[in-house]
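This report concerns only the one structure given below.
Letters go in sequence order (proteins before strands), and every chain restarts at 1. Atoms considered below: every heavy atom in the structure, side chains included; atoms not considered: hydrogens, waters and symmetry mates.
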Amino acid sequence: MDAKRVARAVERWARENLEKLPWRGERSLYRLLVAEILLKRTTRKAASLVYMQFIEKYPTLEDLCKASVEEVEQLLRPIGLYNQRARQLVQICEHRHVLEKATTWRELARLPGVGEYTAKAIGAILFGERVIGIDGNVKRLLVRVFGRYDDKIADALAMEAEDTRLLQLGLVDLGYRICAPRRPKCNKCPLAETCLYTRQH
DNA sequence: GTCCAGTTTT
DNA sequence: AAAACTGGAC
């Protein structure tokens, strides 16, 4: 298995090609967590606008914790799932101490609304942990490249990471923008040489 | 396995 | 008109 080769290629690609998004480059755990919750089952475009409004209104965790659920719901209404998301954000305030001290993805995973994907993605992006969050886009990419997906593949990739942030964001961006569900842009993909799917088509 | 929910893409 | 959208809770 070419985990090392794939990791290198993804990181190299990510260095030049990551899409600029409002939460990219964000060093605040609070802000990254807000972004992840807004992005669940939601496109980047829709999430971007609401994210910027959200951060302007609640720049810090303290600001959010002073807000009411209704107020937060109102802001989230345009992108849907507002009931659920607003409740989760307010619950995170109740677990404020966890967020303030967390240094590993396992601690984050205890927060309401934070599952394995979100916790591992932040672990890779912010904490530099050797983990990779696997969302639908990354899974599709890995199935195409390796012909299958299981936990061992994700672990192997994480172990080969030189820069866990670049690897995580690179995988997500490649999966979303290049390795699209239909008509993937294999001619623009840095993994085309080793990709099983590309070679079979 | 089902539900959440408005927006975007096909 | 569907199907999908950086999932997670129940």
Side-chain angles (χ1 to χ4, degrees), chain A residues 10-11 13-14 17-26 28-55 69-70 72-95 98-99 102 105-127 129 131-145 149 151 153-154 157-158 161 164-185 189:
Chain A
V10 171
E11 287 171 342
W13 181 87
N17 298 288
L18 287 185
E19 186 176 342
K20 294 192 194 315
L21 294 166
W23 49 84
R24 289 277 167 89
E26 198 51 80
S28 152
L29 174 57
Y30 159 70
R31 295 191 177 192
L32 264 188
L33 200 49
V34 169
E36 294 292 352
I37 289 178
L38 297 189
L39 282 163
K40 288 195 286 191
R41 305 295 297 164
T42 308
T43 57
R44 300 173 167 198
K45 188 175 180 181
S48 292
L49 186 63
V50 172
Y51 174 81
M52 289 188 284
Q53 295 173 354
F54 194 101
I55 292 304
V69 190
E70 293 76 15
V72 178
E73 270 186 19
Q74 195 61 31
L75 196 54
L76 300 182
R77 195 154 308 240
I79 56 173
L81 301 175
Y82 46 87
N83 206 322
Q84 205 177 80
R85 295 198 244 230
R87 185 158 28 86
Q88 290 173 351
L89 285 165
V90 168
Q91 283 184 69
I92 285 175
C93 285
E94 296 169 6
H95 295 252
V98 176
L99 205 154
W105 73 268
R106 286 188 183 284
E107 297 172 71
L108 292 181
R110 289 164 35 197
L111 294 167
V114 181
E116 187 176 351
Y117 166 75
T118 301
K120 286 187 173 177
I122 292 181
I125 293 168
L126 208 55
F127 299 155
E129 294 182 273
V131 291
I132 296 295
I134 308 292
D135 66 11
N137 295 312
V138 177
K139 185 173 181 180
R140 176 181 59 253
L141 180 147
L142 294 179
V143 167
R144 283 177 175 163
V145 171
Y149 172 75
D151 292 344
I153 292 180
L157 274 176
T164 55
R165 175 179 173 275
L166 277 181
L167 182 58
Q168 173 71 54
L169 295 180
L171 283 170
V172 169
D173 257 24
L174 272 180
Y176 179 68
R177 287 162 49 204
I178 307 292
C179 198
R182 292 171 200 180
R183 302 177 58 181
K185 301 169 183 170
C189 183

>> If I take atom OH in residue A:Y176 and atom P in nucleotide C:dG7, what distance separates them, rounded to the nearest angstrom?
In response: 11 Å

>> Can you identify which nucleotide, out of B:dC4, B:dT10, C:dC5, has its nearest atom closest to the A:Q84 side chain?
In response: B:dC4

>> Which is more 5' along DNA chain C, the nucleotide nearest A:R44 or the one nearest A:Q88? Just name the residue.
In response: A:R44

>> Could you tell me how far apart A:E116 (CD) and C:dG8 (P) are, to the nearest whole angstrom?
In response: 8 Å

> So with a 6.0 Å cut-off around CZ of A:R110, is the heavy-atom count from everything else above 12?
Replying inline: no

> In whole angstrom, what separates A:I92's CD1 from C:dA9's P?
Replying inline: 10 Å

> Under a 4.5 Å cut-off applied to non-hydrogen side-chain atoms, are A:K120 and A:Q168 in contact?
Replying inline: no

>> I need the NZ-P distance between A:K40 and B:dA5, as an integer number of Å.
In response: 12 Å

> Is the closest side-chain heavy-atom distance between A:F127 and A:E107 below 4.5 Å?
Replying inline: no

> B:dA5 pairs with which nucleotide, Watson-Crick or G-U wobble, both distances below 3.5 Å?
Replying inline: none

>> Regarding A:V114, tell me which of base, sugar-phosphate or nothing describes its non-hydrogen contacts under 4.0 Å with the strands shown.
In response: sugar-phosphate

>> Side-chain N or O of A:T118 versus OP1/OP2 of C:dG8: is the shortest distance under 4.0 Å?
In response: yes

>> At less than 4.0 Å, is any side-chain N or O atom of A:Y82 found next to OP1 or OP2 of B:dG6? Yes or no.
In response: yes

>> Work out how far the C1' atom of C:dA2 is from that of B:dA5, and round it to whole angstrom.
In response: 16 Å

> Which part of the nucleic acid does A:R110 contact within heavy-atom distance under 4.0 Å: base, sugar-phosphate only, or nothing?
Replying inline: nothing

> For A:N83, which contact category applies under a 4.0 Å heavy-atom criterion: base, sugar-phosphate, or nothing?
Replying inline: sugar-phosphate

> Quick one: A:L33 CG to C:dG7 C1', roughly how many Å, whole number?
Replying inline: 13 Å

> For A:G136, which contact category applies under a 4.0 Å heavy-atom criterion: base, sugar-phosphate, or nothing?
Replying inline: sugar-phosphate

> Whole-Å distance between C:dG8 P and A:I37 CD1?
Replying inline: 10 Å

> Are A:V138 and A:D135 close enough that some pair of their side-chain heavy atoms sits under 4.5 Å apart?
Replying inline: yes

> Taking atom CD of A:E116 as the centre, does the number of heavy atoms from other residues, nucleotides or ligands within less than 6.0 Å exceed 12?
Replying inline: no

> Quick one: A:R41 CZ to B:dC4 P, roughly how many Å, whole number?
Replying inline: 14 Å

> If the P atom of B:dT2 is compared with that of C:dA3, how far apart are they to the nearest Å?
Replying inline: 15 Å

>> Applying a 4.0 Å non-hydrogen cut-off, can you work out what A:E36 is touching in the nucleic acid: base, sugar-phosphate, or nothing?
In response: base

>> Rounding to an integer number of Å, can you tell me how far A:R140 CZ sits from C:dG7 P?
In response: 10 Å

>> Closest approach to the side chain of A:R182, judged atom by atom: which nucleotide of B:dA5, B:dT10, C:dC5 is it?
In response: B:dT10

>> Reading DNA chain C from 5' onward, which residue's closest nucleotide shows up sooner: A:Q91 or A:T42?
In response: A:T42

> Do A:L108 and A:T118 come within less than 4.5 Å of each other through their side chains, counting heavy atoms only?
Replying inline: no

